[in-house]
Amino acid sequence: MTDDPKETSQRKIEHVMIAKRDDIDLSTDRSWFEHVRLLHNPLPDVSFEDVDLSWRFLGYDLRAPLLIEGMTGGHEATLPINKALAEAAQAERVAIGVGSQRAALRDESLAETYSIVRETATEVPVIANLGISHIIGDEGPDNAKRAVDMIDADALAIHLNPLQEVIQPEGSIDFSGSLVAIRDVVRELDVPVIVKEVGSGIPRETAHVLRRMGVGIVDVAGQGGTSWSLIEGERSPEGSPRRIASKRFADWGIPTPLAIMEVSGLGLEVIGSGGVRSGLDAAKCLALGAHMAGAARPFFVRAVEEGSDGVRDELNKFIFEMKLAAFLTGSLTVNQLRLTRKYLLTGPLKTLADERHIFI
Ligand SMILES: Cc1cc2nc3c(=O)[nH]c(=O)nc-3n(C[C@H](O)[C@H](O)[C@H](O)COP(=O)(O)O)c2cc1C
């Protein structure tokens, strides 16, 4: 593992360049949302205008249960991207996360690339972000506090990314001490801790353990969208073991709809993300039991190409479709959509849910 701040910052910008490419996004042909059908109600008996998606998260009233997932910061070129995302989150009243703050823990001059989010998005939840490897060890709780303070965050997301770290040429591959580290950070911080994956999902067994460690919120970030195996693989030479493995493990993990069902009903607040590419996908997350839906790459691409107007447009498309799906299932509120099992599973998703004894 290397902790050279310049290298971390350089890696961030390489990630940004590769993440723009559609061929690292599995949702084009391997999203699992097509195996979820919402149950049509042809007699909604309510007005479309009366559907209310408003939702409370981390103490804020949101227009809809939506999160712009943590992505970037840590290089001067990422500042305008974070600013555009934050302007849109603030204008449309949805939650927002920042990318891993590791770079700024080592080089304080980079802090502004993250704090711009809090400065811009003052009335919505803002979520700090660190990888599990940055909270392991004696400095862990201090790193966590510094990340939260840096952006005056409402929560800290700790990302679990074992596949990414091993495929990453300079990755941190020793995850020993993860559990104690999470427990200690939960104890030391005075804001909630969210544990998230980055595209391989969280199963029920892990969610149980996290709950015992005091974690209250999980973001499944399941398989079906951005593949960090593919992104990191692009950074190794053609024909190298890492590059070859990155393609074979591209869709490793738990598909997002299954992951949501796995971790729902355990007393945790659940964020459904990973391959969520539309408001209909987001509505499916909620119907499967998630409290919030999140997406990263769709907002990232719009921010890079068009700035905050593009992100606002994308958010409005999401929210319109979420409202339409709620209406067409006869749901007036988010909870009516969440709690009434208005979905059918098909194909391999149904098989996996059965195998995992998920009672649907
Ligand atoms: C450009 C980019 C950068 C990301 N950086 C981070 C990060 O620093 N920390 C993190 O927890 N997740 C990061 N992610 C992962 C996302 O938060 C999300 O879990 C994952 O991309 C799956 O969502 P998606 O399929 O909607 O993109 C990043 C994603 C993208 C697209």
Side-chain angles (χ1 to χ4, degrees), residues 8-9 11-22 24-28 30-33 66-75 77-78 81-82 84-85 95-105 110 113-114 117 127-135 147 151 153 155-165 168 193-202 218-232 234 250-251 253-257 259 271-278 281-282 285 292-305 311 314 318:
T8 307
S9 182
R11 186 167 55 243
K12 272 278 148 196
I13 205 68
E14 285 179 34
H15 286 161
V16 164
M17 298 310 292
I18 302 170
K20 282 196 287 193
R21 288 170 31 187
D22 287 342
I24 55 79
D25 189 340
L26 303 173
S27 70
T28 46
R30 273 172 280 181
S31 158
W32 283 64
F33 285 103
L66 256 186
L67 167 66
I68 300 177
E69 296 274 325
M71 284 180 275
T72 199
H75 186 288
T78 63
I81 304 174
N82 262 346
L85 293 167
I96 180 167
V98 300
S100 171
Q101 290 163 265
R102 172 191 187 173
L105 290 182
L110 295 169
T113 63
Y114 302 94
V117 173
I127 301 168
N129 189 296
L130 281 178
I132 183 78
S133 51
H134 317 130
I135 61 147
I151 61 168
L156 171 71
I158 300 171
H159 64 262
L160 313 179
N161 60 343
L163 172 59
Q164 178 189 5
E165 294 288 353
Q168 184 178 110
V193 167
I194 301 170
V195 173
K196 75 185 284 285
E197 238 284 349
V198 299
S200 295
I202 296 179
V218 293
D219 181 342
V220 299
Q223 180 261 310
T226 305
S227 167
W228 279 92
S229 186
L230 288 177
I231 294 178
E232 294 294 357
E234 288 298 307
D251 65 355
I254 302 153
T256 298
I271 303 169
S273 76
V276 173
R277 295 292 174 266
S278 67
D281 291 344
C285 291
M292 296 272 293
R297 197 170 170 276
F299 302 125
F300 169 77
V301 172
R302 299 291 304 261
V304 171
E305 288 174 359
V311 183
E314 195 67 26
F318 265 67

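Both ligands and their constituent atoms are indexed starting at 1 by order of listing.
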Please report the closest heavy-atom contact between Asp251 and Gln223, naming both atoms and the distance.
-> O-CG, 3.4 Å
Ligand 1 versus Ala296: contacting region, heavy-atom distance under 4.0 Å | both
Which residue supplies the protein heavy atom nearest to atom 1 (C) of ligand 1, what is that atom called, and how far is it?
-> Ala19 CB, 3.6 Å
Can you pull out the closest protein heavy atom to atom 3 (C) of ligand 1? Residue, atom name and distance to 0.1 Å, please.
-> Met71 O, 3.2 Å
Residue and atom name of the nearest protein heavy atom (relative to atom 19 (O) of ligand 1), distance in Å to one decimal | Lys196 NZ, 3.1 Å
What do you reckon, does Ala295 have a nitrogen or oxygen under 3.5 Å from a nitrogen or oxygen of ligand 1?
-> no
Over all atoms of both residues, closest heavy-atom pair of Gly74 and Leu110 = O-CD1, 3.5 Å
Could you see which bit of Glu197 sits under 4.0 Å from ligand 1, with heavy atoms only: side chain, backbone, both or neither?
-> backbone
Atom of Leu85, atom of Ala303 and distance for their closest heavy-atom approach | CD2-CB, 3.8 Å
Is ligand 1 less than 4.0 angstrom away from at least one heavy atom of Gly275?
-> yes
Arg21/Glu234 salt bridge by N-O under 4.0 Å criterion | yes
Atom 28 (C) of ligand 1 has as its nearest protein heavy atom Trp228 CZ2, 3.4 Å
Ser27 and Arg277: side chain donor to acceptor below 3.5 Å | yes
For Ala128 and Ala147, which heavy atoms make the closest approach, and how far apart are they?
-> CB-O, 3.9 Å
Close approach of Val16 to ligand 1, heavy atoms, under 4.0 angstrom = no
Is it the side chain, the backbone, both or neither of Asn129 that has a heavy atom closer than 4.0 Å to ligand 1?
-> side chain
Mind checking the OG1-CD1 spacing from Thr78 to Ile13? Nearest 0.5 Å is all I need.
-> 6.5 Å
Nearest heavy-atom approach of Val276 to Phe318 is CG1-CE2, 3.9 Å
Give the ring-plane orientation class for Trp228 versus His15, where under 30° counts as parallel, over 60° as perpendicular and anything between as tilted.
-> perpendicular
Is a donor on one side and an acceptor on the other found under 3.5 Å between the side chain of Glu197 and the backbone of Ser200?
-> yes
Looking only at heavy atoms, the pair that brings Leu67 and Ile96 closest together is CD1-N, 3.7 Å
Which atoms of ligand 1 sit under 4.0 Å from any heavy atom of His159?
-> 9 (N), 10 (C), 11 (O)
Hey, which atoms in ligand 1 end up nearer than 4.0 Å to a heavy atom of Ala221?
-> 19 (O)
For ligand 1, find out whether one of its N or O atoms is nearer than 3.5 Å to an N or O atom of Gly70.
-> yes
Please work out whether any backbone atom (N, CA, C, O) or any side-chain heavy atom from C-beta onward of Lys12 is under 4.0 Å from ligand 1, and answer side chain, backbone, both or neither.
-> side chain
List the closest protein heavy-atom neighbour of atom 22 (C) of ligand 1: residue, atom name, distance to the nearest 0.1 Å.
-> Gly274 CA, 3.9 Å
Which heavy atom of the protein is the closest neighbour of atom 27 (O) of ligand 1, given with residue, atom name and distance?
-> Thr226 OG1, 2.5 Å
Polar contact flag for Thr72 and ligand 1 (N/O pairs, less than 3.5 Å) = no
Protein heavy-atom partner closest to atom 7 (C) of ligand 1 - residue, atom, separation in Å | Ser100 N, 3.6 Å
CD of Glu69 to CZ of Arg297, rounded to nearest 0.5 Å, is 14.5 Å
Number the atoms of ligand 1 from 1 as they appear, then name those within less than 4.0 Å of a heavy atom of Gly225, with their elements.
-> 25 (O)
Is there a side-chain hydrogen bond (donor to acceptor under 3.5 Å, both in side chains) between Ser273 and Asp219 once you walk through the steps?
-> CA-CA 7 Å; Ser273 76; Asp219 181 342; 2.6 Å; yes
Near Gly99 (heavy-atom distance under 4.0 Å), the atoms of ligand 1 are 7 (C), 8 (O)
Protein residue, atom and distance nearest to atom 20 (C) of ligand 1, heavy-atom basis | Val198 O, 3.6 Å
